[in-house]
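Notes to accompany the following structure.
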Amino acid sequence: MNDAGERLDHFMARANAAYYAGCDPFADFITSPEISQMFGELLGAWVAVVWGQLGRPDPFMLVEAGPGRGTLMADALRLVRRVAPACHRAARLHLIETSPRLRGVQARALQGATAVPACWHDSLATVPDGPMVLLANEFLDALPVRQFIRRAGGWDEHFVRHGAFRRVPASFPPDHPARTRPVPEGGVLETCQPALEFTQALAVRLRRWPGAALLVDYGYDAPAWGDSLQALRNGHPADPLCDPGMADLTAHVDFRSIADAACTVDVWGSVPQGRFLSALGLAARCAQLERAAPKQAGEIRAAAARLAAPERMGQFFRVLGLSAGVTGDLPGFAGRRTDDATANRET
Ligand code: SAH
């Protein structure tokens, strides 16, 4: 840290690395796979269908970025084993996770879940060559953002010093997809370089070996601006700049910039999570589970509503798909994204 303090993204990277290494994130927030097994199962069905559309590659890399407790992948693999055993046998599980503690939790959750044991990676770069299907839920929102504030004739940037923001004159990254976004004076524009780099690396890889990726997160797909940095501690909103490492810091995902960064491959959506899960058969899976466990029918229905109802997680959470070498349409989307596909871009 110098006199100006620490750049916000450096502060956030340091805080989140300490947080995920030392705290139990799931004491502070609950994610879709932790709400219901239906979420991971529907994503598992998506993997099995896409694997078929890829020509049933054997082996293929089944990758998850930021697997948390491993719940999503455990639910997905249980479903795949049942409905598409050949896909299950072909899957080589690779998990991108930087927290040593969460790697241990994932190893326990996924023991015996695949024919070949899982491998862990710090980034996508070391995942072995070959066709790939990748899932990521609430991964991008944990990656560090910078905040630029519009002022007459230029930009300032937020640095953090003694638990408060300081404004420091800065230049906006010249090649960032959001560089031309109209932001009024005093307005904040966030950039998340690691999310763009992750997406670009995905696109480069998908151009070399066929595959598909599903990025699920809360965020916006409009040319929006605003301060979305937030902290959750003990399940409650907290000051993001105090006690780094004790709270989960996140920012809303800018799906518009992510899609622009991936434009060298096929981009699908983003669509609201509710619409995506409904297209994959949420109602049918919910009815099946209710029949199997009639005493829990109320809970099962409530969980489905929490995942998909617009006023819950159904609208604000969004799903973006990337693909290359997939026959037909990627399941769950109303069609491929094009520059004028405004139907898929509502916020
Ligand atoms: N996908 C899970 C967990 C979301 S929490 C779920 O839906 O429940 C975010 C996850 O991303 C955690 O596993 C965290 O350790 C991991 N993570 C955060 N930053 C990361 C980074 N830079 N590289 C790899 N993993 C990261």
Side-chain angles (χ1 to χ4, degrees), residues 9-44 46-47 62-77 93-110 118-127 134-146 192-202 213-219 229-233 235 244-245 247-253 273 276-277 303 306-307 313 316-320:
D9 57 331
H10 298 159
F11 172 87
M12 188 172 169
R14 192 167 58 80
N16 271 351
Y19 175 74
Y20 283 109
C23 299
D24 175 11
F26 299 93
D28 289 319
F29 59 86
I30 183 158
T31 57
S32 298
E34 303 295 334
I35 289 170
S36 166
Q37 69 187 71
M38 290 182 276
F39 186 81
E41 289 172 343
L42 291 172
L43 267 53
W46 185 89
V47 169
L62 177 58
V63 183
E64 186 177 358
R69 283 178 170 163
T71 308
L72 189 167
M73 194 50 88
D75 291 338
L77 283 166
L93 187 56
H94 293 274
L95 304 171
I96 300 173
E97 173 61 68
T98 41
S99 157
R101 203 181 58 77
L102 285 175
R103 284 185 180 196
V105 175
Q106 293 152 17
R108 288 191 287 282
L110 291 163
C119 296
W120 277 264
H121 303 266
D122 287 334
S123 76
L124 185 64
T126 51
V127 173
L134 178 142
L135 304 174
N137 183 60
E138 291 207 45
F139 168 66
L140 298 175
D141 66 55
L143 301 179
V145 293
R146 297 171 73 177
C192 186
Q193 195 59 31
L196 293 187
E197 282 166 9
F198 176 75
T199 319
Q200 277 156 351
L202 261 178
L214 206 56
L215 309 175
V216 188
D217 231 303
Y218 55 103
L229 183 69
Q230 62 184 41
L232 275 181
R233 186 172 179 179
D248 175 51
L249 296 190
T250 59
H252 297 176
V253 171
Q273 170 167 299
F276 181 79
L277 294 179
R306 187 164 174 188
L307 292 176
M313 300 170 81
F316 188 42
F317 277 73
R318 305 187 69 85
V319 187
L320 187 80

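Keep in mind the model is a prediction, meaning the values are calculated, not measured. Counting convention: from 1, in listed order, for ligands and their atoms alike.
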_Using the rule given for side chain to side chain contact (heavy atoms under 4.5 Å, CB included), can you reason through Leu307 versus Phe317, listing the C-alpha separation, both sets of side-chain angles and the distance that settles it, and then say yes or no?_
CA-CA 9 Å; Leu307 292 176; Phe317 277 73; over 6 Å; no
*Which residue holds the protein heavy atom closest to atom 15 (O) of ligand 1, what is that atom called, and what is the gap in Å?*
Glu97 OE2, 2.5 Å
*Which residue holds the protein heavy atom closest to atom 21 (C) of ligand 1, what is that atom called, and what is the gap in Å?*
Thr98 OG1, 3.5 Å
*Does at least one non-hydrogen atom of Pro33 fall below 4.0 angstrom from an atom of ligand 1?*
yes
*For atom 9 (C) of ligand 1, closest protein heavy-atom neighbour*: Glu138 O, 3.4 Å
*Compare Gly40, Ala21, Gly66 and give the one whose heavy atom is closest to atom 2 (C) of ligand 1.*
Gly66
*Applying the side-chain contact (heavy atoms from CB on, under 4.5 Å) test to Ser32, which of Met38, Arg306, Gln273 qualifies?*
Gln273
*asked:* Whether the side chain of Asp141 engages the backbone of Thr250 through a donor-acceptor N/O pair (distance < 3.5 Å, no angle test) should be reported.
replied: no
*Please verify whether a non-hydrogen atom of Leu143 lies at under 4.0 Å from ligand 1.*
yes
_side chain to side chain contact (heavy atoms under 4.5 Å, CB included), that's the test. Do Phe26 and Asp248 meet it? Break it down for me._
CA-CA 10 Å; Phe26 299 93; Asp248 175 51; over 6 Å; no
*asked:* With heavy-atom distances below 4.0 Å as the criterion, list the atoms of ligand 1 near Gly68.
replied: 2 (C), 3 (C), 13 (O)
_Taking side-chain contact (heavy atoms from CB on, under 4.5 Å) as the criterion, tell me which of Leu277, Thr31, Asp75 meets it with Phe39._
Leu277
*Closest to atom 6 (C) of ligand 1 among Asp217, Thr31, Ile30 (heavy-atom distance)*: Thr31
*Shortest non-hydrogen separation from Ala15 to Leu249 and the atoms involved*: CB-CD1, 3.9 Å
*When the ring planes of Tyr218 and His252 are compared, do they come out parallel, tilted or perpendicular, using 30° and 60° as the limits?*
perpendicular
*When you look for heavy atoms under 4.0 Å from ligand 1, do you find them on the side chain of Leu102, its backbone, both, or neither?*
side chain
*Run the numbers for me: atoms of ligand 1, each under 4.0 Å from some heavy atom of Pro67, listed by number.*
2 (C), 13 (O)
_Below a 4.0 angstrom heavy-atom separation, can you tell me which part of Thr71, side chain or backbone, both or neither, approaches ligand 1?_
neither
*Among all protein non-hydrogen atoms, which one is nearest to atom 7 (O) of ligand 1, and what is the separation to 0.1 Å?*
Asn137 ND2, 2.7 Å
_Minimum heavy-atom distance between Pro67 and Ile96, given as atom pair plus value_ = CD-O, 3.4 Å
